[in-house]
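To find a chain, count down the sequence lines: A is the first, B the second, and so on, and within it residues start at 1.
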Number of protein chains: 2
Amino acid sequence: MAETATRRRGDTRERIQDVALERFTTSGYDQTSLREIAEDLGVTKAALYYHFRTKEEILDSLLEQVSTELDAIVEWMKSGPSTRERRIEMLHRLAEVTRGTPGGVMKCVQQNEAAFQNLSTAAAMVHDLKRKLGEAALPGDATVEQRLRMRAVLFANKPDSDLGGAASERASAAEAIVEDLVP
Amino acid sequence: MAETATRRRGDTRERIQDVALERFTTSGYDQTSLREIAEDLGVTKAALYYHFRTKEEILDSLLEQVSTELDAIVEWMKSGPSTRERRIEMLHRLAEVTRGTPGGVMKCVQQNEAAFQNLSTAAAMVHDLKRKLGEAALPGDATVEQRLRMRAVLFANKPDSDLGGAASERASAAEAIVEDLVP
DNA sequence: GTCTATACGAGGATAGAC
DNA sequence: GTCTATCCTCGTATAGAC
């Protein structure tokens with residue numbers, strides 16, 4: 001730790017991630033160019049390619065942790081019977097991950113729900129969450145209405161800050177809807 | 001009407017729209033390049049720019065009618081009191097437009113719900129539907145839970161064919177959820 | 001090990017000849 | 001009404017300086 005503070009050598013990878021997360025969240029993934037990120041850091045585009053193989057890999061590196069946690073929820077759901085109690089528990093765990101994720105990564109995911117559909121790795125996995133959770137939560141012979149209910153509740157369980165109100169208020173509203181909607 | 005059938009002169013604009021709608025729906029708006037469309041028609045990219053000023057304008061021309069109809073629903077909702085009956089009626093009208101739209105335009109919209117968020121004109125207006133409908137449907141002093149319910153039902157009201165089951169089955173499932181969820 | 005210079009082919013868009 | 005030629009930006013790739 002001899003070279004501290006202002007100079008900042010060797011942490012380029014982290015600095016790329018910081019800038020990328022901020023831009024991806026505020027301007028959107030598609031609308032953010034590698035040139036922007038590079039210029040913001042005072043390096044060239046090519047420098048980014050030393051640290052990451054593609055633009056998508058930058059995204060993936062940001063989403064790695066949350067992706068793992070969501071995958072764990074899917075696996076947990078699959079590992080037991082599909083009862084109503086466990087479906088509700090599953091949704092609680094999902095809400096927890098969303099709340100607990102640090103650094104606004106989950107906000108970035110929501111902001112880009114659009115763009116991530118077309119990607120192929122971790123980003124796609126995160127976006128695909130709802131479909132996977134829905135499948136894991138319902139038995140194969142579930143009715144159309146049950147499936148539709150599950151889908152609706154997975155969307156409803158997104159009490160974004162643009163709804164207004166305190167975070168706790170939004171959380172309890174989401175919970176009431178879960179109770180109403182889960183098959 | 002002297003020059004009919006195979007030759008097809010002067011209807012290039014319509015032919016562009018036909019090809020574009022098909023590609024936008026199956027491959028996605030972002031993933032469809034103007035070069036593809038042009039090659040499919042046996043013309044060059046630049047030729048498209050005689051008929052449309054931008055790629056987005058091609059999209060907008062396809063969405064014009066549906067955009068108008070959705071706008072009418074918003075206006076109707078705003079024009080009267082916000083009772084539960086009228087909220088449910090609003091959702092029925094929305095479902096009708098979705099079903100009644102010809103030529104798979106609405107399917108294109110759903111397929112691209114992703115990409116349309118970032119656009120600025122008719123496409124954005126169509127995508128923005130849910131937010132606008134939600135605002136029109138609820139009084140200004142609505143609670144957080146009411147807002148969240150409205151949002152959930154607008155998403156739930158999308159009984160896409162990938163749910164399985166007959167169209168009528170999906171429709172009645174959607175209606176049951178509406179009854180359950182509308183504040 | 002970290003970066004710059006440079007280039008490629010794709011994208012959307014434009015000017016102007018025919 | 002359609003073309004060629006051109007421009008800029010994009011993500012990506014590689015060669016080579018330090």
* Check every strand shown and say whether A:Thr44 touches a base, only sugar-phosphate, or nothing at a heavy-atom separation below 4.0 Å. => base
Return the value, rounded to whole Å, for the distance between atom [atom1] of [X] and atom [atom2] of [N].
| X | N | atom1 | atom2 | answer |
| --- | --- | --- | --- | --- |
| B:Leu34 | C:dG9 | CG | P | 20 Å |
| A:Ile37 | D:dG11 | CD1 | C1' | 12 Å |
| A:Lys45 | C:dA7 | NZ | P | 14 Å |
| B:Leu48 | C:dT14 | CG | P | 13 Å |
| B:Tyr29 | C:dG12 | OH | C1' | 10 Å |
| B:Glu57 | C:dG12 | CD | P | 15 Å |
| A:Tyr50 | C:dT2 | OH | P | 4 Å |
| A:Phe52 | C:dC3 | CZ | P | 12 Å |

* **First encountered from the 5' end of DNA chain D, between B:His51 and A:Asp30** => B:His51
Around atom [atom1] of [X], are there more than 12 heavy atoms from other residues, nucleotides or ligands closer than 6.0 Å?
| X | atom1 | answer |
| --- | --- | --- |
| B:Glu14 | CD | yes |
| B:Glu69 | CD | yes |
| A:Lys132 | NZ | yes |

Would you tell me if any nitrogen or oxygen in the side chain of [X] comes within less than 4.0 Å of OP1 or OP2 on [N]?
| X | N | value |
| --- | --- | --- |
| A:Tyr49 | D:dA13 | no |
| A:Thr12 | C:dC3 | yes |
| A:Arg35 | D:dG11 | no |

* **No-H, no-angle donor-acceptor pair, A:Lys55 side chain to D:dT12 base, under 3.5 Å** => no
* Asked: Do you know the tightest heavy-atom contact between B:Arg87 and B:Met150?
  -> CD-SD, 4.1 Å
* To do: Compare every heavy atom of B:Phe116 with every heavy atom of B:Val109, then report the nearest pair and how far apart it is.
  => CA-CE1, 4.0 Å
* Asked: So which nucleotide from C:dG12, D:dG11, C:dT14 ends up closest to the side chain of B:Ala46?
  -> C:dT14
* B:Thr54, nearest nucleotide to its side chain (from C:dA13, C:dC3, C:dT14) -> C:dA13
